[in-house]
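Reading through the structure tokens given below for one structure.
Here the structure is a predicted model, which is why all the values come from computation and not from measurement.
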Amino acid sequence: MGRYVLRRLLQLIPVFFGTTILIYWLVWSVPGDPFAGKCGERACPDSYVQFMTDKYHLDDPLPVQYFHYMANLLTGDFGQTFGGREIGEIIAAAYPNTLKLALVALTIEAAIGLTAGVLSGLRRNGFLDNLVLVSTLFLVAIPTFVTGFVLQFLLGVQWKIITPTVSSDAPISQLIVPGFVLGSISMAYVARLTRTSIAENQRADYVRTAVAKGLPRRRVVGVHLLRNSLIPVITFLGTDLGSLMGGAIVTEGIFGINGIGREVYRAIVTKEGATVVGIVVVLVMVYLLMNLLVDLLYAALDPRIRYE
């Protein structure tokens, strides 16, 4: 196992540099004046433009700019915005709120999606199965911003069950509804994926053997059927954490959450390319580490899988 983990960590290095090169090129190759609007309605002074150009190596070719950026990044320096604010401080202030929101969403989609999928898969073509299929189709068809506005209006404004906007420290209790909104579409996919996997594995030989041995139904489902059916679901959930963090712009905007999504939106509007690159680099690292964790969980779920 140790050799496998080391090999996978080494494999992440070229993937990390490849994705960061692509991100850096896409962000900084966009045409336009990077100093537009930085000095209000008037044009920025030539001295300021020259100073910032030299500071950020904007006159150098993109490969040279990327080399300087990565050299600083490997020392923990994410750079500064054109206004002089440390990007690392922006990420450190916003990242915990987005991470909490994503974990709440992941927990909700896993708990509800797995439960609905298992019950639906065990009772195919019944009332509960049809209810799950219709409900998940309903969730997938409705955009996240519609779900967010409806729940915010009904629960926050109309019935006053929740606060319409989340406070700056984003406590878990205030993130339950935004987490449900963020994870609603993924929750529907988890339920459908679990249902399909359960239904397919019910006909597997090892399940029929366990039933023939006279094992209790709870043990057959919980130990034999569920563990093997969870492999594709775990794959989806593991990679979905990065998607939730990257796709939180709409949810954070609706509920006023000060997180990564709002910072990315501000950076795009103000053309702060360094901030966009820094935040996306963090999301890439989350994706890579979650993929490694998912691979390691396979062996725990299926004893037939061995890593050498």
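Residue Y95 qualifies as enclosed at atom OH: its count of foreign heavy atoms under 6.0 Å is above 12. Residue-environment remark: CZ (R266) exceeds the threshold of 12 foreign heavy atoms within 6.0 Å.
Proximity of N258 to E263: side-chain heavy atoms (C-beta onward) are separated by under 4.5 Å at one or more points. Put simply, the side chain of L22 does not reach to within 4.5 Å of the side chain of T19, judged on heavy atoms. Side chains of T239 and V294 form no contact here, defined as non-hydrogen atoms less than 4.5 Å apart. In this structure, the side chains of Q65 and L58 come closer than 4.5 Å at one or more pairs of heavy atoms. V177 is not listed as a side-chain neighbour of I161, based on a closest heavy-atom distance of 4.5 Å or more. D60 is not listed as a side-chain neighbour of F67, based on a closest heavy-atom distance of 4.5 Å or more. Residues L225 and L122 form a side-chain contact, since some pair of their non-hydrogen atoms from C-beta on lies under 4.5 Å apart. Looking at E86 and F78, their side chains never come closer than 4.5 Å, going by heavy atoms from C-beta outward.
V132 and L139 fall into different hydrophobic clusters, where Ile, Leu, Val, Met, Phe, Trp and Tyr are joined by side-chain heavy atoms under 4.5 Å apart, directly or via other members. Hydrophobic clustering of Ile, Leu, Val, Met, Phe, Trp and Tyr side chains at less than 4.5 Å, counting indirect connections, unites V284 with V264. Hydrophobic clustering (side-chain heavy atoms under 4.5 Å, transitive across Ile, Leu, Val, Met, Phe, Trp, Tyr) groups V276 together with L73. Cluster annotation: I112 and L131 are assigned to distinct hydrophobic clusters (Ile/Leu/Val/Met/Phe/Trp/Tyr, side-chain heavy-atom contacts under 4.5 Å, transitive). L296 and L289 fall into different hydrophobic clusters, where Ile, Leu, Val, Met, Phe, Trp and Tyr side chains are chained together by heavy-atom contacts under 4.5 Å.
For residues 207-216, the side-chain hydrogen bond (donor to acceptor under 3.5 Å, both in side chains) pairs, not counting sequence neighbours, are D205-R208. Judged as a side-chain hydrogen bond (donor to acceptor under 3.5 Å, both in side chains), the pairs with a partner in residues 168-190 (not counting sequence neighbours) are, in order, S167-D169, S167-Q174, S186-D240. Within the structure, side-chain hydrogen bond (donor to acceptor under 3.5 Å, both in side chains) pairs that include any residue of residues 271-292 comprise S243-Y287 (at least two apart or interchain). For residues 97-106, the side-chain hydrogen bond (donor to acceptor under 3.5 Å, both in side chains) pairs, not counting sequence neighbours, are T98-E252.
Taking CD1 of I142 as the start and CZ of F138 as the end, the distance is 3.0 Å to the nearest 0.5 Å. To the nearest 0.5 Å, atoms CG (L101) and CD1 (I257) are separated by 4.5 Å. Separating the CG atom in L226 from the OG1 atom in T194 is a distance of 8.5 Å, to the nearest 0.5 Å. In this structure, CE on M245 lies 10.0 Å from CD1 on I279, to the nearest 0.5 angstrom. Between T53 atom OG1 and D59 atom CG the span is 5.5 Å, to the nearest 0.5 Å. Taking CG of L288 as the start and CZ of F16 as the end, the distance is 8.0 Å to the nearest 0.5 Å.
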Could you walk me through whether Y206 and N201 pass side-chain contact (heavy atoms from CB on, under 4.5 Å), step by step?
CA-CA 9 Å; Y206 64 87; N201 287 323; 3.5 Å; yes
Using the side-chain contact (heavy atoms from CB on, under 4.5 Å) rule, take V250 and L182 through it: C-alpha gap first, then chi angles, then the decisive distance, then the call.
CA-CA 9 Å; V250 174; L182 180 61; over 6 Å; no
Derivation and outcome, side-chain contact (heavy atoms from CB on, under 4.5 Å), residues E109 and I185:
CA-CA 9 Å; E109 73 177 66; I185 295 179; over 6 Å; no
side-chain contact (heavy atoms from CB on, under 4.5 Å) between H57 and V64, worked out
CA-CA 8 Å; H57 310 281; V64 177; 5.7 Å; no
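Listed by chain and residue number, Y24 satisfy the ring-ring contact (aromatic ring centres under 6.0 Å, His included) test with Y69 (two or more places apart in sequence, or in another chain). Shown here are the salt bridge (Lys or Arg N to Asp or Glu O under 4.0 Å) partners of R85, two or more places apart in sequence or in another chain: there are none.
L175 and A170 get closest at one heavy-atom pair: CD1-O, 3.6 Å. Of all the heavy atoms in T251 and P178, the pair that sits closest is CG2-O, 3.5 Å. Closest heavy-atom contact between G183 and A105: N-CB, 3.9 Å. Across L237 and A110, no two heavy atoms sit closer than the pair CD1-CB, 4.0 Å. Residues G156 and P164 come closest through the heavy atom pair O-CG, 3.7 Å. When all heavy atoms are compared, the tightest approach of L292 to L9 is CD2-CD2, 3.6 Å.
Q152 places a side-chain N or O within 3.5 Å of a backbone atom of I254 that can act as its donor or acceptor partner. When atom types are taken as modelled, the side chain of N130 and the backbone of G126 share a donor-acceptor pair closer than 3.5 angstrom. The closest donor-acceptor contact from the side chain of T196 to the backbone of L193 lies at 3.5 Å or more, if one exists at all. Side chain of R192 to main chain of L133: a donor-acceptor pair is present (N/O by atom type, distance under 3.5 Å, no hydrogens or angles).
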